[in-house]
Amino acid sequence: MPSTTAPEMLSFDTCCCGQPNCPRLNHWATMLHKLETDGRLAAEIGQSLLQKHEKYVIETDQTRNELQCKVQEYQERIHALERAAEQSEWENQQEVDQDKAKWYWKWKRTQTTLDATAADLDVANTKCAQLSNALRDQEAEAEKLGMYKALARESSTREESLRTKLDEALQEIEALRKNEKVLETRYRRMKEKHDKRS
């Protein structure tokens, strides 16, 4: 920056009136000195303000650069977070889709199992109904067989009674035969005795 130099002091030795201590000359000299002092002060203030302005511009540029760096860093972080959020959302969606597919196949398999179980249950119910009908038929047959067994037991009892009576009759016949033989023997003896007497 160009340096500002103070103007040289103007000296007034004598006035145009020829008086060495002219009040007007003194007044103008005082005013001129004051103006020169104010000019130097204004120049110093201007120089200071210029330096402060330059420093402010430099600091502002530095601050702007730092802020721009921070903004760029924050933008990069934001972009990274957005990418991470998108990746996370995609992964979550993938997990959700996988879970949905897994639970769908589990439900499908369970539904298939339930359908098969229901079909097996229908078959079992049909078989149970058939077995119930067969059981009723067997119970009817068993009832008939019970009747037949009762008749058979009754027939067996009658047969045993008849066998007993037959055995008794045979015993009586055997006894009668023995008695007949005894009577025949007695008869022959009596006849022999009778024949010998006659």
Side-chain angles (χ1 to χ4, degrees), residues 1 48-186:
M1 292 293 297
S48 175
L49 289 176
L50 182 60
Q51 291 176 354
K52 287 182 179 181
H53 174 71
E54 290 177 352
K55 183 179 180 182
Y56 172 76
V57 169
I58 293 172
E59 291 177 353
T60 302
D61 291 338
Q62 291 177 352
T63 304
R64 184 174 62 252
N65 292 331
E66 291 176 358
L67 290 176
Q68 287 178 350
C69 292
K70 289 183 178 180
V71 167
Q72 185 176 0
E73 181 181 355
Y74 290 152
Q75 287 179 348
E76 290 177 355
R77 288 184 181 179
I78 291 171
H79 292 324
L81 289 174
E82 289 177 350
R83 288 192 298 270
E86 291 176 356
Q87 180 68 22
S88 178
E89 183 179 359
W90 182 82
E91 291 176 354
N92 291 334
Q93 187 64 37
Q94 291 294 318
E95 291 180 359
V96 169
D97 293 340
Q98 290 177 359
D99 290 339
K100 286 171 65 177
K102 181 176 69 176
W103 285 111
Y104 172 78
W105 285 113
K106 282 186 178 180
W107 172 82
K108 193 70 175 178
R109 184 174 58 189
T110 304
Q111 188 66 34
T112 303
T113 304
L114 288 175
D115 293 340
T117 304
D120 293 339
L121 184 60
D122 291 337
V123 173
N125 289 331
T126 303
K127 288 183 178 179
C128 184
Q130 292 175 354
L131 290 174
S132 297
N133 294 330
L135 181 61
R136 283 195 295 271
D137 294 339
Q138 289 180 0
E139 287 177 351
E141 291 292 331
E143 187 176 356
K144 290 180 182 179
L145 289 174
M147 294 174 61
Y148 293 150
K149 285 182 180 179
L151 292 174
R153 283 195 297 270
E154 185 177 354
S155 298
S156 178
T157 302
R158 288 180 182 178
E159 183 180 359
E160 289 178 0
S161 178
L162 290 174
R163 285 182 181 277
T164 302
K165 290 180 180 180
L166 179 61
D167 290 337
E168 291 176 354
L170 290 173
Q171 290 176 1
E172 289 178 1
I173 291 171
E174 185 68 26
L176 289 173
R177 285 179 179 175
K178 289 180 180 180
N179 291 331
E180 184 180 1
K181 288 180 180 179
V182 172
L183 291 174
E184 286 179 354
T185 303
R186 287 180 182 177

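Contact of the Leu170 side chain with the Glu174 side chain is not registered, since no non-hydrogen atoms from C-beta on lie closer than 4.5 Å. By the 4.5 Å heavy-atom criterion applied to side chains, Glu139 and Glu143 are not counted as neighbours. Looking at heavy atoms from C-beta onward, Gln72 lies in side-chain contact with Glu76 at the 4.5 angstrom threshold.
A cation-pi arrangement is absent between Lys108 and Trp105, since the terminal nitrogen or guanidinium carbon is not both under 6.0 Å from the aromatic centre and inside a 45° cone about the axis.
Side-chain contact, Gln62 with Glu66: no donor N or O sits under 3.5 Å from an acceptor N or O. The closest side-chain donor-acceptor pair between Gln171 and Asp167, if any, does not fall under 3.5 angstrom.
Distance CZ/Arg158 to NZ/Lys165: 11.0 Å, rounded to 0.5 Å. For the atom pair OH of Tyr104 and CZ of Arg109, the computed distance is 13.5 Å after rounding to the nearest 0.5 Å. We find the OH-CG distance between Tyr74 and Leu67 to be 9.5 Å, quoted to the nearest 0.5 Å. Rounded to the nearest 0.5 angstrom, Lys55 NZ and Ile58 CD1 are separated by 9.5 Å. The OG1 atom of Thr113 sits 10.5 Å away from the CG atom of Asp120 when rounded to the nearest 0.5 Å. Rounding to the nearest 0.5 angstrom, the gap separating the CG atom in Leu131 from the CZ atom in Arg136 is 11.0 Å.
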Practice item. With side chain to side chain contact (heavy atoms under 4.5 Å, CB included) as the test, would you mind laying out the steps for Gln68 and Arg64 before giving the verdict? Key: CA-CA 6 Å; Gln68 287 178 350; Arg64 184 174 62 252; 3.7 Å; yes
**Study point:** CA sep, side-chain torsions, deciding dist, call: Gln98, Gln94, side-chain hydrogen bond (donor to acceptor under 3.5 Å, both in side chains)
**Key:** CA-CA 6 Å; Gln98 290 177 359; Gln94 291 294 318; 4.8 Å; no
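Partners of Arg77 according to the side chain to side chain donor-acceptor pair (under 3.5 Å) rule, which considers only residues two or more places apart in sequence or in another chain, are Glu73.
Within the 3.5 Å criterion, the main-chain N or O of Cys128 finds a donor-acceptor partner in the side chain of Ser132. Thr164 contributes a side-chain N or O that, together with a main-chain N or O of Glu160, makes up a donor-acceptor pair within less than 3.5 Å.
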